[in-house]
Amino acid sequence: MKPGIYPGIDPAEYHRWPWMSNSRMKPLRRSPAHLREYLANPPKQTEDMLLGSALDCLIFDRELFPEKYRRAPEGDRRTKAVKEAWADAEAAYPDADFLKPDLFDKLEPMRDAVMAHPAASALLKLPGGVQTS
């Protein structure tokens with residue numbers, strides 16, 4: 001691919017590209033060996049990483065967001081009712097990642113804060129950026 005702006009790229013596809021990204025630069029700052037280890041054994045996704053990916057999707061690909069991220073059922077997952085709610089949710093959205101309700105509920109305010117920031121919103125309005133409306 002040639003250098004450029006590629007809107008609408010699925011994050012999983014983006015991370016398969018062989019070019020440098022912020023995630024790859026962090027281990028490289030330590031050494032090339034750390035980057036090689038990171039590429040050979042990517043870290044398991046943490047709750048914070050999932051929140052970041054969901055926010056990224058909400059900002060840059062809002063239409064795709066409901067397919068990729070859902071609010072998890074509330075309650076203790078050890079109870080029968082909540083287990084059934086989880087099974088129903090996972091069956092209805094098999095390709096979605098589920099975020100805990102308290103995290104999911106923070107996403108819109110976080111997006112609004114980014115879009116309200118003068119510098120961030122100006123960058124997002126550049127060609128290839130996102131629409132703020």
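None of these values were measured; they are calculated from a predicted model.
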What residues, two or more places apart in sequence or in another chain, satisfy side-chain hydrogen bond (donor to acceptor under 3.5 Å, both in side chains) together with [X]?
X      : result
Asp76  : Arg78
His117 : none
Thr46  : none
Tyr93  : Arg70

Candidate pair Leu58 and Glu108, rule side-chain contact (heavy atoms from CB on, under 4.5 Å), full reasoning: CA-CA 8 Å; Leu58 188 59; Glu108 279 293 337; 3.7 Å; yes
Those residues that, when tested against Trp86, pass ring pair (Phe, Tyr, Trp, His ring centres under 6.0 Å) (two or more places apart):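 Scan of Trp86 (ring pair (Phe, Tyr, Trp, His ring centres under 6.0 Å), adjacent residues dropped) gives Phe98.
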Counterpart residues, salt bridge (charged side-chain N to carboxylate O under 4.0 Å, His left out), relative to [X] (two or more places apart):
X      : value
Asp48  : none
Arg24  : none
Glu90  : Arg77
Asp105 : Arg71

Heavy-atom pair with the smallest gap, counting every atom of Ala91 and Pro94: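 Scanning both residues completely, I find the closest heavy atoms to be O-CD, 3.6 Å.
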Pairs meeting criterion salt bridge (charged side-chain N to carboxylate O under 4.0 Å, His left out) with involvement of residues 25-47, two or more places apart: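 Pairs touching residues 25-47 that pass the test: Glu47-Lys100.
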Pairwise distance CG(Leu51) to CG(Leu55) - rounded to 0.5 angstrom: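 Output value for this atom pair is 6.5 Å.
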Test side-chain contact (heavy atoms from CB on, under 4.5 Å) applied to Leu50 - qualifying residues, sequence neighbours left out: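 For Leu50 the side-chain contact (heavy atoms from CB on, under 4.5 Å) partners, ignoring immediate neighbours, are Gln45, Tyr69, Asp97, Leu99.
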Partners meeting side-chain contact (heavy atoms from CB on, under 4.5 Å) with Pro43 (sequence neighbours left out): Tyr38, Met49
